[in-house]
Number of protein chains: 2
Amino acid sequence: MTKDLLYRLIWLSRPLMQAAEAAVDRGLAGTGLTVRTRAVLEILHDFGDATVPEIAHRLEINRQYVQTMVNETLASELTVRRANPRHRASPLIGLTATGRETIAAVLAAERKLVGDLAQSFDDAEVATALDVVQRLTEALRPLGRERPA
Amino acid sequence: MTKDLLYRLIWLSRPLMQAAEAAVDRGLAGTGLTVRTRAVLEILHDFGDATVPEIAHRLEINRQYVQTMVNETLASELTVRRANPRHRASPLIGLTATGRETIAAVLAAERKLVGDLAQSFDDAEVATALDVVQRLTEALRPLGRERPA
DNA sequence: TCATATTGACAAGTTACATGTCACTATGAC
DNA sequence: GTCATAGTGACATGTAACTTGTCAATATGA
């Protein structure tokens with residue numbers, strides 16, 4: 001029955017996430033990054049300079065916490081503040097040369113590992129899995145809200 | 001490319017888990033349970049009486065934390081201590097009538113919701129997704145360990 | 001019987017967040 | 001321009017879900 005399979009799939013999300021984040025964390029050893037500062041740098045790497053609230057929106061966590069993560073990356077000179085023409089009080093955060101090299105190296109290493117894993121899977125099944133998981137996530141989301149829609 | 005799809009699938013595990021746990025949490029409103037005490041009761045419901053270390057092993061978290069969760073369920077009389085013939089100092093934890101009714105109601109409600117969701121999916125795609133996610137989790141697990149195997 | 005392991009209880013520490021407040025700064029309607 | 005309203009950085013505090021360490025009581029097995 002689909003119901004039971006779906007139930008098992010839902011509860012597999014936690015082990016998958018834990019395994020994934022542990023693997024990422026291990027890949028971060030020696031870089032001085034944490035899983036969360038890695039996430040900030042990845043946003044800047046993928047989308048270019050952004051303000052703290054913009055990064056927070058992308059990461060779907062609140063701006064106050066992102067602020068502390070960004071402050072850490074500023075302190076370790078992985079990022080810098082740049083003048084924001086659109087808002088004088090809210091500078092754009094951008095990668096420094098070091099920051100760019102660091103995150104690029106991390107992402108490249110991760111992609112290499114995933115490339116190795118990918119050999120055990122074929123395109124069609126992964127595409128199906130991705131589609132199912134995406135639809136499932138969207139279907140579950142409203143159920144967690146105050147007033148489920 | 002399979003690699004990119006796989007990468008996206010890996011990073012979807014967190015949103016899926018968050019959506020799933022938020023939905024579970026919402027279903028717990030009014031029962032006095034938390035996501036974690038629910039997990040303890042579910043183990044007892046599915047596998048029968050168990051000691052604290054046994055529950056911890058099933059949940060893959062440490063016994064000290066499980067002990068505090070179990071103590072909460074004992075305090076709210078959802079569970080009771082029963083003599084353990086195999087170990088005098090480590091009682092078996094079992095559901096009370098109230099505990100059994102509570103967890104049965106919660107699980108039934110969850111299964112009903114999943115049943116509704118299941119109508120948007122077909123058996124084959126969910127089976128494929130489950131298989132991919134299981135294999136992916138097992139493949140990622142060793143990468144997070146000290147000495148990746 | 002005696003070394004070793006298991007268990008419950010308790011204390012602390014940690015991580016990854018959320019929430020609330022303040023002062024400052026923009027922005028847009030007028 | 002002016003003024004209500006919203007966005008922002010900084011800071012403080014709170015919280016859930018853990019981990020780690022320790023101790024004394026108790027088992028277990030050679």
Side-chain angles (χ1 to χ4, degrees), chain A residues 13-15 17-22 24-26 28-29 32-40 42 49-75 79-93 144-146, chain B residues 13-15 17-22 24-26 28-29 32-43 49-75 79-93 144-146:
Chain A
S13 62
R14 171 175 274 269
M17 190 205 111
Q18 286 176 337
E21 295 202 348
V24 168
D25 197 46
R26 202 180 141 68
L28 258 26
L33 299 181
T34 64
V35 173
R36 296 292 127 187
T37 54
R38 192 212 81 112
V40 167
E42 189 182 23
D49 295 2
T51 65
V52 167
E54 280 164 4
I55 298 168
H57 184 251
R58 296 243 188 228
L59 293 176
E60 295 184 66
I61 53 184
N62 67 57
R63 65 181 183 85
Q64 288 88 338
Y65 183 50
V66 171
Q67 185 77 53
T68 73
M69 294 193 287
V70 165
N71 288 349
E72 280 172 33
T73 64
L74 287 166
T79 59
V80 279
R81 280 181 244 257
R82 294 189 181 126
N84 181 1
R86 297 171 58 191
H87 200 303
R88 208 179 74 193
S90 187
L92 289 167
I93 309 300
R145 302 247 166 75
E146 293 310 312
Chain B
S13 63
R14 170 176 274 268
M17 190 204 110
Q18 286 175 337
E21 296 202 348
V24 168
D25 197 45
R26 201 180 142 68
L28 258 25
L33 299 181
T34 64
V35 173
R36 295 293 128 189
T37 55
R38 192 213 80 111
V40 167
L41 299 191
E42 189 181 24
I43 297 288
D49 296 3
T51 63
V52 167
E54 279 164 5
I55 298 168
H57 184 250
R58 296 243 187 226
L59 293 176
E60 295 184 65
I61 54 185
N62 68 54
R63 65 182 184 85
Q64 287 90 336
Y65 183 50
V66 171
Q67 185 77 53
T68 74
M69 295 193 286
V70 166
N71 289 349
E72 280 172 33
T73 66
L74 287 167
T79 57
V80 280
R81 281 181 244 255
R82 294 189 181 127
N84 181 359
R86 296 171 58 191
H87 199 302
R88 210 177 74 191
S90 188
L92 288 166
I93 309 301
R145 302 248 165 74
E146 293 311 310

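A, B, ... follow the sequence lines: proteins, then strands. Residue 1 opens every chain. Heavy-atom basis, side chains included; hydrogens, waters and symmetry copies ignored.
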Atom [atom1] of [X] to atom [atom2] of [N]: distance rounded to whole Å?
X: I55(B); N: dT7(C); atom1: CD1; atom2: P; result: 12 Å
X: Q67(B); N: dC10(C); atom1: CD; atom2: P; result: 10 Å
X: R38(B); N: dA16(D); atom1: CZ; atom2: P; result: 18 Å
X: R14(A); N: dA16(D); atom1: CZ; atom2: C1'; result: 11 Å
X: M17(A); N: dC17(C); atom1: CE; atom2: C1'; result: 12 Å
X: M69(A); N: dA18(C); atom1: CE; atom2: C1'; result: 13 Å
X: N71(B); N: dC10(C); atom1: CG; atom2: C1'; result: 11 Å
X: E72(B); N: dA9(C); atom1: CD; atom2: C1'; result: 15 Å

(request) Determine, for R58(A) against E54(A), whether the closest basic-nitrogen to carboxylate-oxygen distance falls under 4.0 angstrom. (result)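 Answer for the salt bridge query: no.
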
(message) Is there a side-chain contact between M17(A) and Q18(B) in this structure, where contact means two heavy atoms from C-beta onward sitting under 4.5 Å apart?
(response)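 No; the side chains remain at least 4.5 Å from each other.
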
(request) Please tell me if the side chains of V52(A) and I93(A) come closer than 4.5 Å, counting only heavy atoms from C-beta onward. (result)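 SC-SC contact between V52(A) and I93(A) confirmed.
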
(message) So if I apply the side-chain contact (heavy atoms from CB on, under 4.5 Å) rule between M69(A) and each of T34(A), V40(A), I55(A), which one comes out positive?
(response)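 It is V40(A), the one option of T34(A), V40(A), I55(A) that forms the side-chain contact (heavy atoms from CB on, under 4.5 Å) with M69(A).
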
(message) Quick check on side-chain contact (heavy atoms from CB on, under 4.5 Å): which of T73(B), D49(B), L92(B) does T79(B) satisfy it with?
(response)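 Output: one option passes, namely T73(B).
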
(message) At 4.0 Å (heavy atoms only), tell me whether V52(B) reaches a base, stays on the sugar-phosphate, or touches nothing.
(response)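 If one applies the 4.0 Å heavy-atom cut-off, V52(B) turns out to touch the sugar-phosphate alone, with no base involved.
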
(request) Mind jotting down which residue pairs meet the salt bridge (charged side-chain N to carboxylate O under 4.0 Å, His left out) criterion with at least one end in residues 60-70 of chain A? Sequence neighbours excluded, please. (result)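 Sorted result for residues 60-70 of chain A: E60(A)-R141(A).
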
(request) Map P85(A) and P91(B) onto DNA chain C by nearest heavy atom, then report which one ends up closer to the 5' terminus. (result)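 By nearest-heavy-atom nucleotide position, the 5'-most residue is P91(B).
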
Look at the side-chain N and O atoms of [X] and state whether any lies under 4.0 Å from the OP1 or OP2 oxygen of [N].
X: S90(B); N: dG8(C); answer: yes
X: T34(B); N: dA16(D); answer: no
X: R36(A); N: dT15(C); answer: no

(request) Give, for atom CD of E72(A) and atom CG of L33(A), the distance between the pair rounded to the nearest 0.5 Å. (result)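 Taking CD in E72(A) and CG in L33(A), the distance rounds to 10.5 Å.
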
(request) Report, as a single string ordered 5' to 3', how protein heavy atoms within less than 4.0 Å touch nucleotides 19-25 of chain D: B base, S sugar-phosphate only, - not at all. (result) BBBB---

(message) Return whichever of P53(A) or Q18(A) has its heavy-atom-nearest nucleotide of DNA chain D closer to the 5' end.
(response)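 With P53(A) and Q18(A) compared, the 5'-side residue is P53(A).
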
